[in-house]
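For clarity, every value in this text was computed on a predicted model and none was experimentally measured. Atoms considered below: every heavy atom in the structure, side chains included; atoms not considered: hydrogens, waters and symmetry mates.
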Amino acid sequence: MRDAFEILEDAIPDCGYWRWWAANLPNSFQVEFGGVQLFQPPPKGSCTPSTIYALRFLQPRRIEFLDFAADVEKDWFSLLQADKLKPPGLWDQFFLGEATRGEQLRRQAVHTHLHFEAPHSGGGIFLAFRAGKSFGLFVAAESVQLVSPTGEIPLSLVARLYGEWWDYWRNYWKLKDTPEEMPRDDMCEICIPAGD
């Protein structure tokens, strides 16, 4: 069975984008994503499931915003938090869990902006990713929670929710252009079936 972090490394960046971030330092740092392939029942008033999830890092040890180009817009991370920057899409370089791959990506950055550093170094959980052409993030923390608009989701449910999203996607395409067609879902439309 695949590890929850390994599944999230697929479910978040496949069609995902970086929506927002928030800090309650020194206690927590939260990164919010859209386009996540984990199934949630549609919220009230909607016909399609929500694809918004966040990773909440508890007891962060180090937080750095990463520039992967020399001409990056100044304070882009503040603009993203203030909803004044178009949410950047995620690349296939999205690493969650252990330190090695995250540190390697961090070293590829042209410039880093240290947002927070705790007096004690280390951290048991690491996140590093690229977003858009030029942006990225590195986080080291003691632990992480998966959060949806309805609250915390145990990591033990990640495999099931990932499978349920793909079941929903298959059903969406099976019923497309039939009398039982489901309401249009842009997330499903992005992932077009390869055919039989």
Quick one: does E9's side chain have a donor or acceptor within less than 3.5 Å of a partner on F5's backbone?
->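 Not a single qualifying donor-acceptor pair exists.
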Give a yes or no on whether the backbone of I7 and the side-chain of Y162 come within a donor-acceptor separation of less than 3.5 Å.
-> no
State the [atom1]-[atom2] distance between [X] and [Y], to the nearest 0.5 angstrom.
X    : Y    : atom1 : atom2 : result
L127 : I12  : CG    : CD1   : 8.0 Å
C15  : W169 : SG    : CH2   : 10.0 Å
L155 : Q145 : CG    : CD    : 8.5 Å
T51  : M187 : OG1   : CE    : 5.0 Å

Just checking, R106 and F138: is the charged tip under 6.0 Å from the six-membered ring centre and within 45° of the axis?
->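 Yes - R106 lies over the ring of F138, closer than 6.0 Å to its centre and within 45° of its axis.
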Hey, are the side chains of [X] and [Y] touching, using non-hydrogen atoms and a 4.5 Å cut-off?
X    : Y    : result
I153 : Y53  : yes
I63  : L137 : yes
F29  : Q59  : no

Geometric class of the W21/H115 ring pair [parallel <30°, tilted 30-60°, perpendicular >60°] =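 The rings of H115 and W21 stand perpendicular, inter-plane angle above 60°.
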Under the ring-ring contact (aromatic ring centres under 6.0 Å, His included) test, residues paired with [X] that sit two or more places apart:
X    : answer
F94  : F33, F129
Y17  : none
H111 : H113

Which heavy-atom pair separates A140 from F126 by the least distance, and what is that distance?
-> CB-CE2, 3.4 Å
Considering all heavy atoms, the nearest F95-R101 contact | CD2-NH1, 3.2 Å
R56: partners by salt bridge (Lys or Arg N to Asp or Glu O under 4.0 Å), with sequence neighbours left out | none
Set of residues satisfying salt bridge (Lys or Arg N to Asp or Glu O under 4.0 Å) with respect to E152, sequence neighbours excluded = none
Write out all pairs satisfying side-chain hydrogen bond (donor to acceptor under 3.5 Å, both in side chains) with one or both partners inside residues 76-92, taking only residues at least two apart or from two chains.
-> D67-W76
